[in-house]
Amino acid sequence: MLEIRGLRVSYGNDTVLNGLDLDLADGEALAIIGESGAGKTTLGMSIMRLADAGIQGSIRFNGEDIFTLSDEQMREIRWNRISMLFQNVNNVLNPVHRVLDQVAEPIVEHKLRSKGGALDRAGELLTRFGLPTERFSAYPHQLSGGEQQRVLLAMALANDPDLLIMDEPLSSLDVTTRQELGELLRNIDGHRAKLVITHDLDTASRLSEKLAVLYGGRIVETGSTREVLINPRHPYTRALIRAYPNMTTVKDMQGIKGRMTRPVSGCPFHPRCTQAMEKCSSEVPRLNQNHGRWVACHRGGIVTLLSVVNLSKQFNLLKAVDSVSLHIEAGETLALVGQSGSGKTTLAKILMGLYTPSKGGIYLEGKKVEKREKDFYRRVQMIFQNPGESLSHRLSILELVMEPLEVQGIGTKEERREKAIQTIGEVELPQTKTFLNTYPHHLSGGELQRVAIARALVLDPDLLIADEPTAFLDAGIGAKILKLMLNLQECRGLSMLYITHDVAAARKMSDRIAVMLDGLIIEEGPSSEIVASPRQSYTKRLLASASSLHYLDKTSVK
């Protein structure tokens, strides 16, 4: 039905849509999601041929390129065959006419019915969409936001169009009205195609079967709505989902670093991407198939940074780690959860080369790690459980943070000093001369752990292994450390292996959880699934014993 090829829309020197390709079939419901400024509304206005902009490319509707049609031919299509539910009520509803007359107007305009017949049709639609009869004679300013949206919907469907474009149809409504109107919109006659334009993931999930993610004027990922929202493959899609307040997720919300800018050469998302490489800044990626959907990414989508396959470690007769297989994607946090003695720290030490595995393999971006060269430790760093034991008390704070740079031979002495001071500030520690020359034994536990984090981050690693990083800290300081780590992940695009016995902390920190018992991974999955529907009895016991606040029932107090 709708075929868009090479659509480029510019307002002066600002190119909002940049070579966009899109298809929509009869009866299909497709949602376009993205941040404000991505070009979503411009796309809708271009399809209606209402965009006051420079346009290149083609939009074919039932085989006809709308840009070759005369103004009169286009007026016959608008409201009749293609209709739009606009975002801004004030730009559509006339404040001096009754809403019943306004719904009837497109019918009369296209000579589909007499004035009386048009009013009857308008009344039927308004009733269908839940507007009380006594409100038909109201003026727009006399209606609530939900009522106004019902009027707009009735107007958009007055002439039974083949394609309905909905621009943010639910975003300004309260949750109850959203629920009601969402049901109405979802159950609109199935024969017509629907294009849903929204920044709201809930709206997209309610109203669409397919999803296209728009960024910087380009489509970066498409696929079934369910699959894209559950298992995003483009870094931007994942970032959007992380930033959305959602009752089905448990990890704290994370923003997207930086802001959208135009123009950008190469991939439009590369200035904010957590896994960008040199090619991303110069070459626009094509949409290619990846895990059952289309993704525009030079790296094929979200990269698997580290994986372990059938990893085992035996001490005499004790199997501390038993045939463990795991993976960590670029920019994600995997929480490894289990009681003391389950093998968590042993696994971390194998990853860092402190123990040699009895069998199995470790792979960094698909390449097997045979031995730990300097480059491995430049990319993978570890925060140990006890910072007091892992930091040398012979070195000052500045020297401790500078040392990894010296070992790697990075920069001049002055450059190393500047980098260390910058990183110390990044973990929210003082950058004064007095503090930099202080020794570890003069610091509190929370300050020591921040120094340990700074020391691990100064090399700009890709992966941070954090082994019980708050175990020796009180709850207040521990919460600050965990929040700091989440903020650093957001800003730096870090991957993290977060090792803990505390399921309550794991659910706030991680994208996925792996449960370890007696050296085995007994359960693994998205954090929300593990917390809501654990399969293993051990996992259920861990969750039952997790930290929570209990209040005595007054009737039980004697």
Between Tyr498 and Leu482, is any pair of side-chain heavy atoms under 4.5 Å apart? yes
List for me each residue that meets side-chain hydrogen bond (donor to acceptor under 3.5 Å, both in side chains) alongside Ser281, sequence neighbours excluded, and say none if there are none. none
Taking all non-hydrogen atoms of both residues, which atom of Gly478 and which atom of Thr470 are closest, and how far apart? O-CG2, 3.5 Å
Which heavy atom in Leu229 sits nearest to a heavy atom in Ser205, and how many Å separate them? CD1-CB, 3.7 Å
Quick one: does any side-chain atom of Ser510 pair with a main-chain N or O of Ile513 as donor and acceptor, under 3.5 Å? no
Ignoring hydrogens and angles, tell me if any N or O in the side chain of Glu523 forms a donor-acceptor pair with the backbone of Gln536 under 3.5 Å. yes
Are side-chain heavy atoms of Pro440 and Leu400 found at a separation under 4.5 Å? yes
From Arg378 atom CZ to Asp462 atom CG, the distance as rounded to the nearest 0.5 Å: 10.5 Å
With Arg455 as partner, the option from Glu399, Glu406, Glu403 fulfilling salt bridge (charged side-chain N to carboxylate O under 4.0 Å, His left out) is Glu403
Just do the side-chain contact (heavy atoms from CB on, under 4.5 Å) check on Val324 and Met516 with the steps written out, would you? CA-CA 9 Å; Val324 167; Met516 197 167 190; 4.0 Å; yes
Residues in side-chain hydrogen bond (donor to acceptor under 3.5 Å, both in side chains) with His298, at least two apart? none
If you compare all heavy atoms of Ala420 against all heavy atoms of Leu398, which two are closest, and at what distance to 0.1 Å? CB-CD1, 3.8 Å
Does the His234 side chain pair with the main chain of Trp294, one donor and one acceptor, at a distance under 3.5 Å? no
In terms of heavy-atom contacts, Gly338 and Leu542 come closest through CA-CD1, 4.5 Å
Is there a donor-acceptor pair under 3.5 Å between the side chain of Ser527 and the backbone N or O of Asp511? yes
Can you tell me if Arg242 uses its side chain to pair, donor with acceptor, with the backbone of Thr237 under 3.5 Å? no
Would you check, one step at a time, whether the test salt bridge (charged side-chain N to carboxylate O under 4.0 Å, His left out) holds for Lys194 with Glu28? CA-CA 6 Å; Lys194 296 184 278 287; Glu28 194 171 60; over 6 Å; no
Between OH of Tyr377 and CG of Leu459, what distance do you get to the nearest 0.5 Å? 12.5 Å
Given side chains that start at C-beta, do those of Leu497 and Ile499 come closer than 4.5 Å, heavy atoms only? yes
Given the rule in the side-chain contact (heavy atoms from CB on, under 4.5 Å) test, do His327 and Val309 qualify, once you have shown the distances and angles that lead to the verdict? CA-CA 9 Å; His327 75 278; Val309 180; over 6 Å; no
Please identify each residue that fulfils salt bridge (charged side-chain N to carboxylate O under 4.0 Å, His left out) with Arg512, with sequence neighbours left out. Glu332, Glu524
Minimum heavy-atom distance Leu457-Leu494, with the two atoms named: CD2-CD1, 3.6 Å
So do the side chains of Arg218 and Leu20 get within less than 4.5 Å of each other, counting heavy atoms only? no
With a 4.5 Å cut-off on side-chain heavy atoms, are Ile33 and Leu214 touching? no
Which residue pairs pass the ring pair (Phe, Tyr, Trp, His ring centres under 6.0 Å) test with at least one member in residues 330-368, sequence neighbours excluded? Phe315-Tyr355
Counting only N and O atoms by type, is there a donor-acceptor contact under 3.5 Å from the side chain of Glu329 to the main-chain atoms of Leu305? no
If you measure only the distance, is there a donor-acceptor pair under 3.5 Å linking the side chains of Arg206 and Gln179? yes
For Thr225, enumerate each residue passing the side-chain hydrogen bond (donor to acceptor under 3.5 Å, both in side chains) test, keeping only those at least two apart in sequence or located in another chain. Ser208
To the nearest 0.5 Å, how far apart are CG in Leu181 and CZ in Arg186? 12.5 Å
If you round to the nearest 0.5 Å, how far is OG of Ser342 from CG of Leu336? 7.0 Å
Nearest-0.5 Å distance, CE of residue Met352 to CD1 of residue Ile465: 5.5 Å
Any Lys/Arg nitrogen of Lys419 or Asp460 sitting under 4.0 Å from an Asp/Glu carboxylate oxygen of the other? yes
Counting distance only, does the side-chain N/O of Gln275 pair as donor-acceptor with the main-chain N or O of Val303 below 3.5 Å? yes
Report yes if the side chains of Val503 and Ile530 come closer than 4.5 Å at any heavy-atom pair, otherwise no. no
Assess whether side-chain contact (heavy atoms from CB on, under 4.5 Å) is satisfied between Val515 and Tyr538, documenting all intermediate values. CA-CA 9 Å; Val515 182; Tyr538 175 69; 3.7 Å; yes
Please identify each residue that fulfils salt bridge (charged side-chain N to carboxylate O under 4.0 Å, His left out) with Glu447, with sequence neighbours left out. none
Ion pair check, Asp467 and Lys344, cut-off under 4.0 Å: no
Heavy atoms of Gly388 and His393 approach each other most closely as O-NE2, 3.1 Å
Could you check whether Arg226 pairs with Glu209 (Lys NZ or Arg NE/NH1/NH2 to Asp/Glu carboxylate O, under 4.0 Å)? no
Does the side chain of His199 pick up a donor-acceptor pair with the side chain of Glu35 at under 3.5 Å? no
With Tyr215 via ring pair (Phe, Tyr, Trp, His ring centres under 6.0 Å) - residues at least two apart: Tyr236, Phe269
Roughly how far, to the nearest 0.5 Å, is CG of Asp375 from CG of Leu364? 8.0 Å
Checking the side chain of Glu468 only, and the main-chain atoms of Gln385 only, is there a donor and an acceptor separated by less than 3.5 Å? no
Of all pairs that satisfy salt bridge (Lys or Arg N to Asp or Glu O under 4.0 Å), the ones with a partner from residues 296-310, not counting sequence neighbours: Arg299-Glu365
Across all chains, not counting sequence neighbours, the salt bridge (charged side-chain N to carboxylate O under 4.0 Å, His left out) partners of Glu428 are Arg450
Ser495: partners by side-chain hydrogen bond (donor to acceptor under 3.5 Å, both in side chains), with sequence neighbours left out: none
Which residues satisfy the salt bridge (charged side-chain N to carboxylate O under 4.0 Å, His left out) test with Lys371, sequence neighbours excluded? Glu373
Using side chain to side chain donor-acceptor pair (under 3.5 Å), reason through Gln489 and Thr333 one step at a time and then give a plain yes or no. CA-CA 9 Å; Gln489 181 184 51; Thr333 297; 2.7 Å; yes
From the list Arg293, Arg238, Lys210, Arg233, salt bridge (charged side-chain N to carboxylate O under 4.0 Å, His left out) partner of Glu221 resolves to Arg293
Going by the side chain to side chain donor-acceptor pair (under 3.5 Å) test, which pairs reach into residues 302-321, not counting sequence neighbours? none
